[in-house]
Asker: 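Here it is, the structure in full.
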Amino acid sequence: SQQGEEDPQALSIQEGENATMNCSYKTSINNLQWYRQNSGRGLVHLILIRSNEREKHSGRLRVTLDTSKKSSSLLITASRAADTASYFCATDAWNSGGSNYKLTFGKGTLLTVNP
Amino acid sequence: AAGVIQSPRHLIKEKRETATLKCYPIPRHDTVYWYQQGPGQDPQFLISFYEKMQSDKGSIPDRFSAQQFSDYHSELNMSSLELGDSALYFCASSGRDTFNEKLFFGSGTQLSVL
C-alpha cells in the first residue's frame, strides 16, 4: 500500500466554497508535500511542510501537519473552477547515507469545482 | 523558465515491442526520477539517478532499464512490452537550488500498448 492515503477520493464543491483534503501516512517523514495534477498532465508542486512545522500558508492554500497522527490536510479557500484537478500528497524518504531522496505519492483526491 | 521536457508526448506500441522514453531535466538539475501512473492511479516510483549514477530503484520491472547521460538527460528503455505497461510515464528532476526536495515534473509520455 502507498505511504500516503488521501481522503476523500473525490470531492465536488461549488465555486467560492472551501475544499479540504486529508492525507495519512505510515512512516516517519522529513517533509510532506502536496502536488496538483490536471487531467493527463504532469504534477505541479504546491507546497512543502517540514516535520517540525504544524501549519503553512501559500496564497489560498493552507496545509497542516500532525506528526503524532501521521496526517496532513490541504485546505483550498474560495475555490475556483480552475482549481479542478487531482491533488496528491507525497512523503519523502532519504536513505541512511543522505544521498538518495525519493517521494512516494498517495492515491490522490479528485477535486471538481463547479462554476 | 525552462521546464522538464519529455518525448514523445504519446507513443503507441504493440505487445512485445520496445519503447524508449526520453527526459531532459531542468538545466543544472542533477537528479532525475521516473514515475509510472496507471489510469486513476497514483504515480509509482520506478527509478532515479543522481549525477549519472542510479541512486534508487522502485517497482521497475526487469524488462525496463534506464540511464542518465553525461548531459544529464535520461532515457527509459522498455522491452517486451505488455498490455499492463500502458500508462503515463513521468520524468521529474530536482536540484540543489531546492535542496533536491522539490520535484519538477514533465508533462509525461502516454504509452499505449495494443
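Note that these values count all heavy atoms, side chains included, but never hydrogens, waters or copies made by symmetry. By convention in this document, chain letters (A, B, ...) are assigned in the order of the sequence lines, proteins followed by strands, and residues within each chain are numbered from 1.
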Asker: Who wins among N31(A), L43(A), L48(A) for the most heavy-atom pairs under 4.5 Å with chain B?
Answerer: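 It is L43(A).
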
Asker: Inspect the contact between D85(B) and K13(B) and indicate whether a charged nitrogen and a carboxylate oxygen are less than 4.0 angstrom apart.
Answerer: no

Asker: If we ignore angles and hydrogens, is there a donor and acceptor under 3.5 Å between the side chains of Q110(B) and Y89(B)?
Answerer: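 There is no such pair between these side chains.
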
Asker: Contact part of Q37(B) toward chain A, heavy-atom cut-off under 4.5 Å: side chain, backbone, both or neither?
Answerer: side chain

Asker: Y35(B) vs F45(B) aromatic rings, parallel, tilted or perpendicular, using cut-offs 30° and 60°?
Answerer: perpendicular

Asker: Answer yes if the side chains of Q54(B) and D56(B) hold a donor-acceptor pair under 3.5 Å, and no otherwise.
Answerer: no

Asker: Hey, are N30(A) and S51(A) close enough side-chain-wise for a donor-acceptor pair under 3.5 Å?
Answerer: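 No, no side-chain donor-acceptor contact under 3.5 Å.
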
Asker: Between L88(B) and chain A, with a heavy-atom cut-off of 4.5 Å, which part of the residue counts as in contact: side chain, backbone, both or neither?
Answerer: side chain

Asker: Below 4.5 Å from any heavy atom of chain B, which atoms of Q9(A) appear? Answer side chain, backbone, both or neither.
Answerer: neither

Asker: Does any backbone or side-chain atom of F104(B) lie under 4.5 Å from a heavy atom of chain A? Answer side chain, backbone, both or neither.
Answerer: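 Contact with chain A is absent: no heavy atom of F104(B) under 4.5 Å.
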
